[in-house]
**Q** 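Below is the structure I would like to discuss, written out as structure tokens.
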Amino acid sequence: MDFQLTDEQRALKDGTRELLAGRFGRDRLRAAVEDPGPDRALWRELGAAGFFALRLLEKDGGVGLGLPEAVLVLEEAGRALLPGPLVACQLLAGVVDGVATGEKTVGLCEGAREPVLWEHPAGCDELILVEGDEEEGARERTGGAYRSASDRVSCAPFASVDPLTPLARVLDLPRTEPVALDVPRLRREAALLTAAQQLGSAVRTVEMAAGHAREREQFGAPIGSFQAVKQLCAQMLIRAEMARSAVYAASITESVLDITGAKLLADEAAVRNARDCLQVHGGMGFTWEADVHLHLKRAWLRAECWGAAGEAEELLAADLIA
């Protein structure tokens with residue numbers, strides 16, 4: 001089995017990076033910290049570029065690609081810290097009209113967790129709630145899904161560690177409109193695409209740390225020449241590449257255990273790399289003006305989405321002793 005990217009996949013990845021660099025550079029990132037709602041104009045541009053319709057069939061107005069390509073696109077979005085319900089819109093582009101073109105945004109909530117948290121509540125036109133408990137002896141949860149207009153959802157503000165991801169706690173959602181979805185598959189793919197975002201952030205913090213280590217001088221030499229800093233950067237690179245291998249492989253196998261392991265590795269890489277990047281930056285890393293803290297806060301938030309570390313470890317351990 002060949003896990004190397006094809007020329008077409010590399011072109012997709014590079015094109016997505018160029019698009020985001022041109023449409024969501026650092027100035028817009030910092031502006032989004034003050035106003036973190038999805039930028040509707042940018043959302044429509046992403047829709048026009050096929051960002052959300054990537055996996056829809058061509059006869060349905062999509063691009064006709066697969067899960068590996070979606071992972072590459074979400075990796076670049078994570079690298080850029082692009083805010084918004086990206087995973088939800090990617091997964092539900094064929095379910096809610098207008099999402100594929102970027103005209104509408106949709107939220108996705110995990111009803112089996114408490115509290116039930118909704119990302120970007122003010123920016124979503126609809127919300128889909130997936131429910132269900134894990135069956136005894138099963139590797140993944142079953143359950144149903146329900147959709148509702150955002151103004152019919154009862155919710156309360158919820159403090160978010162990430163200034164780019166406002167949250168609300170869902171108190172009640174009318175379950176009058178069920179949606180025919182493969183919920184176990186939806187959960188798997190949500191976990192994998194979240195892992196792809198974590199991978200992108202982990203790779204970006206390696207670049208930030210290495211770039212700062214080349215430029216910052218102490219005692220007349222770049223700090224990157226010091227052994228302690230070299231080791232930090234090397235460990236960051238190893239974590240990122242291990243996560244990359246796991247995430248890319250899981251996008252091909254689509255196995256629940258492979259996805260669980262990939263999410264675990266990507267979460268660890270994103271969180272620990274952001275911490276080490278902050279360490280390399282020293283006192284500058286703690287300031288609001290630096291972007292390091294934005295990667296760390298996003299990594300903390302994503303690590304709790306669609307399978308936290310404790311759940312993943314229990315599932316993988318259960319498979320080992322089965």
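For this chain, numbers begin at 1 and follow the sequence in order. Just so it is clear, the model here is predicted, and its values are computed rather than measured.
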**Q** Give, for atom CG of L54 and atom CG of L12, the distance between the pair rounded to the nearest 0.5 Å.
**A** 6.0 Å
**Q** To the nearest 0.5 Å, what is the distance between CZ on F51 and CG on L86?
**A**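 So the CZ of F51 and the CG of L86 are separated by 5.0 Å.
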**Q** Nearest 0.5 Å please: distance from the NZ atom of K230 over to the CD atom of Q227.
**A** 5.5 Å
**Q** Output yes when R187 and E110 qualify as a salt bridge under the 4.0 Å nitrogen-oxygen rule, no when they do not.
**A** yes
**Q** Please determine whether residues L129 and L167 belong to a single hydrophobic cluster, defined as Ile, Leu, Val, Met, Phe, Trp and Tyr linked transitively by side-chain heavy-atom distances below 4.5 Å.
**A** no
**Q** Assess the side chains of H295 and S201: does a donor N or O sit below 3.5 Å from an acceptor N or O?
**A** yes
**Q** Taking 4.0 angstrom as the limit, do E131 and R113 come out as a salt bridge?
**A**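 R113 and E131: not salt-bridged.
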**Q** Taking the side chain as C-beta and beyond, is there a heavy-atom pair between T105 and R40 under 4.5 Å?
**A** yes
**Q** Between R185 and E189, is there a side-chain N and carboxylate O pair less than 4.0 Å apart?
**A** yes
**Q** Salt-bridged, E8 to K13, with N to O below 4.0 Å?
**A**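 Salt bridge between E8 and K13, a charged N being under 4.0 Å from a carboxylate O: no.
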**Q** Indicate yes or no: at least one non-hydrogen side-chain atom of T253 is less than 4.5 angstrom from one of I259.
**A** no
**Q** Assess the residue pair Q4 and Y248 against the criterion (side chain to side chain donor-acceptor pair (under 3.5 Å)); give the C-alpha distance rounded to whole Å, side-chain angles, the decisive distance to 0.1 Å, and a yes or no.
**A** CA-CA 9 Å; Q4 294 294 321; Y248 285 9; over 6 Å; no
**Q** Run the salt-bridge test on R26 and D291 with the 4.0 Å N-O cut-off and return the result as yes or no.
**A** yes
**Q** Salt bridge or not for E69 and R55, using N-O below 4.0 Å?
**A** no
**Q** What's the verdict on salt bridge (charged side-chain N to carboxylate O under 4.0 Å, His left out) for E114 and R169, showing C-alpha distance, side-chain angles and the deciding distance?
**A** CA-CA 9 Å; E114 186 59 38; R169 180 175 184 173; 2.6 Å; yes
**Q** Under a 4.5 Å side-chain heavy-atom rule over Ile, Leu, Val, Met, Phe, Trp and Tyr, are Y146 and I128 clustered together?
**A** no
**Q** Going from CZ on R302 to CD on Q197, what distance comes out if it is rounded to the nearest 0.5 angstrom?
**A**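 Between atom CZ of R302 and atom CD of Q197 there are 5.0 Å.
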**Q** Side chains of N273 and V206, heavy atoms from C-beta outward: is any pair under 4.5 Å?
**A** yes
**Q** Between D39 and A41 (side chain of the first, backbone of the second, donor and acceptor by atom type, cut-off under 3.5 Å), is there such a pair?
**A** yes
**Q** Are F52 and W43 close enough that their ring centers fall under 6.0 Å?
**A** yes
**Q** So, are E76 and R204 salt-bridged, with charged N and O less than 4.0 Å apart?
**A** no
**Q** Following the transitive rule for hydrophobic clusters with a side-chain heavy-atom cut-off under 4.5 Å over Ile, Leu, Val, Met, Phe, Trp and Tyr, establish whether V183 and L108 coincide in one cluster.
**A**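 V183 and L108: one cluster.
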**Q** Please examine the side chains of T16 and L19, heavy atoms only from C-beta on, and report whether any two atoms are closer than 4.5 Å.
**A** no
**Q** Does R175, at its CZ atom, have more than 12 non-hydrogen atoms belonging to other residues, nucleotides or ligands within less than 6.0 Å?
**A**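 Yes, because the 6.0 Å sphere around CZ of R175 holds more than 12 heavy atoms from other groups.
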**Q** Would you say V179 and L92 are hydrophobically clustered, going by side-chain heavy atoms of ILVMFWY under 4.5 Å?
**A**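 Shared cluster, yes.
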**Q** State whether the number of non-hydrogen atoms from other residues, nucleotides or ligands found under 6.0 Å of E314 atom CD is greater than 12.
**A**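 No - once you tally the heavy atoms of other residues, nucleotides and ligands closer than 6.0 Å, there are 12 at most.
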**Q** Going by heavy atoms in the side chains, are S251 and L192 under 4.5 Å from each other?
**A** yes
**Q** Do S225 and I223 have side-chain heavy atoms sitting under 4.5 Å apart?
**A**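 Not touching, per the 4.5 Å side-chain cut-off.
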**Q** Which of parallel (below 30°), tilted (30 to 60°) and perpendicular (above 60°) describes F219 and F226?
**A**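 Answer is tilted, since the angle falls between 30° and 60°.
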**Q** Using a strict cut-off of less than 4.0 Å between a Lys/Arg side-chain nitrogen and an Asp/Glu carboxylate oxygen, indicate whether R239 and D276 qualify as a salt bridge.
**A**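 Counted as a salt bridge, because a side-chain N and a carboxylate O are separated by less than 4.0 Å.
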**Q** Given the rule that I, L, V, M, F, W and Y join up when any side-chain heavy atoms are under 4.5 Å apart, are L257 and L264 in one cluster?
**A**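 Yes; L264 is reachable from L257 via cluster members.
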**Q** Count the heavy atoms belonging to other residues, nucleotides or ligands that lie under 6.0 Å from CG of D97, then report whether that count exceeds 12.
**A** no
**Q** Nearest 0.5 Å, what's the CZ-CG distance between R298 and D162?
**A**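 The CZ atom of R298 sits 4.5 Å away from the CG atom of D162.
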**Q** Does S160 use its side chain to pair, donor to acceptor, with the backbone of T165 at less than 3.5 Å?
**A** yes
**Q** Can you check whether G107's main-chain N or O pairs, donor with acceptor, with H120's side chain at less than 3.5 Å?
**A**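 No, because the side chain of H120 does not come within donor-acceptor range (under 3.5 Å) of the backbone of G107.
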**Q** Got a second to check how far L72's CG is from D14's CG, nearest 0.5 Å?
**A**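 Between atom CG of L72 and atom CG of D14 there are 10.0 Å.
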**Q** Can you confirm whether L127 sits close enough to C109 that some side-chain heavy atom of one is under 4.5 Å from a side-chain heavy atom of the other?
**A**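 Yes, their side chains come closer than 4.5 Å.
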**Q** Has the side chain of Q9 got a donor or acceptor atom that lies under 3.5 Å from a matching backbone atom of T6?
**A** yes
**Q** With a cut-off of 6.0 Å (strictly less than), are more than 12 heavy atoms of other residues, nucleotides or ligands near CD of E45?
**A** yes
